[in-house]
Amino acid sequence: MTPVIGDLISNTVGKVVGKLADKYLPSTLGEVEKAEFQKEAQRLAVEEYKTATADMATARELAGKESDGAPGWTKILTVTHRPAWSFLVLAIFAWTIAAPYAGFPAFPLSEVHRDVMQTVIIFYFGGRSIEKAAGIVWGK
């Protein structure tokens with residue numbers, strides 16, 4: 001487990017478990033028993049995290065195996081659909097801003113369309129930035 005995730009689980013789970021222990025365990029329970037309870041709860045949380053991580057890795061591996069027998073065009077689609085859609089939305093968004101200044105007709109966008117386009121742009125570029133930053137931090 002990475003130190004960041006381990007610290008996050010320890011700090012978050014430790015606080016939650018501590019509050020639950022204070023609220024639901026009898027006040028007659030000694031400090032040693034409360035500490036043992038908290039330690040066991042943290043151990044279970046770490047096990048759950050490891051199981052969830054292993055499940056995600058297994059799902060990725062299965063998806064990779066399933067795509068091995070797929071036609072080539074589907075592999076290309078799985079790689080390009082996110083950037084293609086995002087760049088198309090970015091181009092439409094840029095057109096709505098730049099077209100009036102260039103003398104071209106602009107088409108009006110409703111607030112819903114604008115919100116969807118901004119969301120796509122934010123998630124694509126923000127997601128890519130997070131992926132790259134995580135790759136640098138964790139050396140992938």
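The residues Arg43 and Glu40 are annotated as salt-bridged, a charged nitrogen and a carboxylate oxygen being separated by less than 4.0 angstrom.
Nearest heavy-atom pair, Trp95 versus Pro105, reported as atom, atom and distance to 0.1 Å: NE1-O, 3.5 Å.
Note on Ile122: it does not cluster hydrophobically with Val112, by side-chain heavy-atom contacts below 4.5 Å among ILVMFWY residues. Residues Phe93 and Phe104 fall within the same hydrophobic cluster, defined by Ile, Leu, Val, Met, Phe, Trp and Tyr side chains chained together at heavy-atom separations under 4.5 Å.
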Give every donor-acceptor pair under 3.5 Å between a side-chain atom in residues 52-59 and any protein atom, sequence neighbours left out.
| unit_1 | atom_1 | unit_2 | atom_2 | d |
| --- | --- | --- | --- | --- |
| Thr53 | OG1 | Tyr49 | O | 2.8 |
| Thr58 | OG1 | Ala54 | O | 2.8 |

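With rounding to the nearest 0.5 angstrom, the OG1 atom of Thr96 is 6.5 Å from the CZ atom of Arg114.
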